[in-house]
K.L.:
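There's a structure below that I have some questions on.
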Amino acid sequence: MHSRRSDGGASASPELVNLAPATTAVVRGVVPVADLRHFFDASFGVLARAIETQRLTTLSPAFGLYHGSPGEFLNLEVGFVTDRTVRPEAGAVVGSLPGGRVARLTHFGSFDGLRSSWERLGSWIQERGLSAGEDRWETYVTQPSPDMDPRDLHTELNWPVTE
């Protein structure tokens, strides 16, 4: 039996980390929020084929990089950090994750609780007098599967910041 955390399963403590930029293989899209799951599923299929045929090595779990503020539509990239540049193929294109200072928070639990964890991270950034970047990304540390308990998911929230 799983027990709920007193904080709603939300997250560990936020922290600041310094990251090097990373080369990625991604699928880009502007997607209605209602179609997000389908976009992720289709993107992973495209990426798996490109990674296999080009013999790339993935260096990270899957991620979703969001551009701008979320609304009815999301402008995003879904992909993996790779050992070298992907050749554009069937929707898979070259991308990158930014380097520099990043505020990070690990969310434990269902994807339904991600919004509150993002809000918590945003408040933490403001409380420290930092400016949050326009882009941010989620790294899906635990690969979701249909038969798993959503409370077992770990998602790393990453938000670039400046002084």
Side-chain angles (χ1 to χ4, degrees), residues 1-45 47-48 58-82 95-162:
M1 177 111 183
H2 292 276
S3 60
R4 288 267 304 155
R5 296 185 148 162
S6 61
D7 64 359
S11 48
S13 297
E15 61 181 339
L16 282 175
V17 296
N18 288 307
L19 301 178
T23 298
T24 62
V26 298
V27 174
R28 292 189 176 108
V30 177
V31 182
V33 172
D35 293 344
L36 197 57
R37 178 179 291 218
H38 173 72
F39 180 76
F40 269 85
D41 290 345
S43 297
F44 291 140
L47 290 163
T58 59
L59 303 177
S60 76
F63 68 85
L65 171 63
Y66 298 89
H67 302 290
S69 298
E72 189 177 329
F73 287 85
L74 299 170
N75 181 352
L76 76 152
E77 300 176 17
V78 173
F80 298 91
V81 174
T82 54
S96 65
L97 290 177
R101 287 183 69 182
V102 172
R104 175 177 286 165
L105 178 67
T106 300
H107 169 86
F108 297 98
S110 164
F111 294 142
D112 295 339
L114 284 172
R115 169 173 261 161
S116 64
S117 287
W118 276 116
E119 290 169 356
R120 181 172 170 223
L121 184 56
S123 295
W124 186 86
I125 290 167
Q126 282 186 327
E127 289 165 7
R128 277 145 190 81
L130 301 169
S131 296
E134 284 291 311
D135 295 347
R136 52 190 163 169
W137 71 95
E138 299 168 348
T139 300
Y140 307 106
V141 178
T142 309
Q143 183 175 346
S145 67
D147 57 343
M148 78 180 302
D149 185 332
R151 292 176 292 190
D152 293 334
L153 291 169
H154 295 174
T155 307
E156 198 176 77
L157 310 184
N158 297 279
W159 205 335
V161 294
T162 55

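For the numbers below, each heavy atom of this structure counts, side chains included, while hydrogens, waters and symmetry mates do not.
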K.L.:
More than 12 heavy atoms of other residues, nucleotides or ligands under 6.0 Å from CZ of R128: is that the case?
P.N.:
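Enclosed: over 12 neighbouring heavy atoms sit under 6.0 Å from CZ of R128.
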K.L.:
Supply the atom-to-atom distance N158 CG to T139 OG1, rounded to the nearest 0.5 angstrom.
P.N.:
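Interatomic distance, N158 CG to T139 OG1, rounded to 0.5 Å: 5.0 Å.
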K.L.:
Are the side chains of F39 and V27 in contact, using a 4.5 Å heavy-atom criterion?
P.N.:
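Heavy-atom side-chain distance check passes, below 4.5 Å.
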K.L.:
Does T24 use its side chain to pair, donor to acceptor, with the backbone of V81 at less than 3.5 Å?
P.N.:
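Between the backbone of V81 and the side chain of T24 there is no qualifying donor-acceptor contact (under 3.5 Å).
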K.L.:
Below 3.5 Å, can you tabulate the donor-acceptor pairs from side chains in residues 70-80 to any protein atom, sequence neighbours excluded?
P.N.:
unit_1 : atom_1 : unit_2 : atom_2 : d
E77    : OE2    : R28    : NE     : 3.1
E77    : OE2    : H67    : NE2    : 2.9

K.L.:
Quick one: does T106's side chain get under 4.5 Å of V141's, heavy atoms only?
P.N.:
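Side chain of T106 against side chain of V141, heavy atoms only: no contact under 4.5 Å found.
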K.L.:
Rounded to the nearest 0.5 Å, how far apart are CG of L114 and CD of E119?
P.N.:
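Going from CG on L114 over to CD on E119, the span is 11.0 Å.
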K.L.:
Which of these passes side-chain contact (heavy atoms from CB on, under 4.5 Å) with P14: R104, E127, R120?
P.N.:
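Option passing the side-chain contact (heavy atoms from CB on, under 4.5 Å) with P14: R120.
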K.L.:
Are L16 and L130 close enough, and set up right, to give a side chain to side chain contact (heavy atoms under 4.5 Å, CB included), and what steps lead you there?
P.N.:
CA-CA 11 Å; L16 282 175; L130 301 169; 4.0 Å; yes
K.L.:
Treating T155 as the side-chain partner and H107 as the backbone partner, does any N or O pair qualify as donor plus acceptor under 3.5 Å?
P.N.:
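Absent.
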K.L.:
Between S110 and D112 (side chain of the first, backbone of the second, donor and acceptor by atom type, cut-off under 3.5 Å), is there such a pair?
P.N.:
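Checked: pair present.
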K.L.:
Minimum heavy-atom separation for T82 to A25, with atom names?
P.N.:
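Shortest heavy-atom separation between T82 and A25 comes out as CG2-CB, 3.8 Å.
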K.L.:
Measure the CG-CZ distance between L19 and R101 for me, rounded to the nearest 0.5 Å.
P.N.:
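Those atoms lie 11.5 Å apart.
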K.L.:
Would one find more than 12 heavy atoms of other residues, nucleotides or ligands at under 6.0 Å from atom CD of E15?
P.N.:
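More than 12 heavy atoms, drawn from other residues, nucleotides or ligands, come within 6.0 Å of this atom.
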K.L.:
To the nearest 0.5 angstrom, please state how far the CZ atom of F111 sits from the CG atom of L36.
P.N.:
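Those atoms lie 10.0 Å apart.
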K.L.:
Rounded to the nearest 0.5 Å, how far does OG of S117 lie from CD of E156?
P.N.:
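Between atom CD of E156 and atom OG of S117 there are 12.5 Å.
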K.L.:
Indicate, with yes or no, if the rings of Y140 and F40 have centres closer together than 6.0 Å.
P.N.:
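Close enough - the centres of the two rings lie under 6.0 Å apart.
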K.L.:
So, do T142 and D152 sit near enough that their side-chain heavy atoms are less than 4.5 Å apart?
P.N.:
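In short, these two side chains do not touch, never coming nearer than 4.5 Å.
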K.L.:
Can you find a pair of side-chain heavy atoms, one from T23 and one from L59, that are under 4.5 Å apart?
P.N.:
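Heavy-atom side-chain distance check fails, nothing below 4.5 Å.
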K.L.:
Compare every heavy atom of W159 with every heavy atom of D135, then report the nearest pair and how far apart it is.
P.N.:
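Looking at all heavy atoms of both residues, the closest pair is O-CD1, 3.7 Å.
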K.L.:
Closest approach of S96 and L65, non-hydrogen atoms and distance?
P.N.:
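Between these two residues, the closest heavy atoms are O-CD2, 3.8 Å.
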K.L.:
Between atom CG of L105 and atom CH2 of W124, what is the distance when rounded to the nearest 0.5 Å?
P.N.:
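Taking CG in L105 and CH2 in W124, the distance rounds to 9.0 Å.
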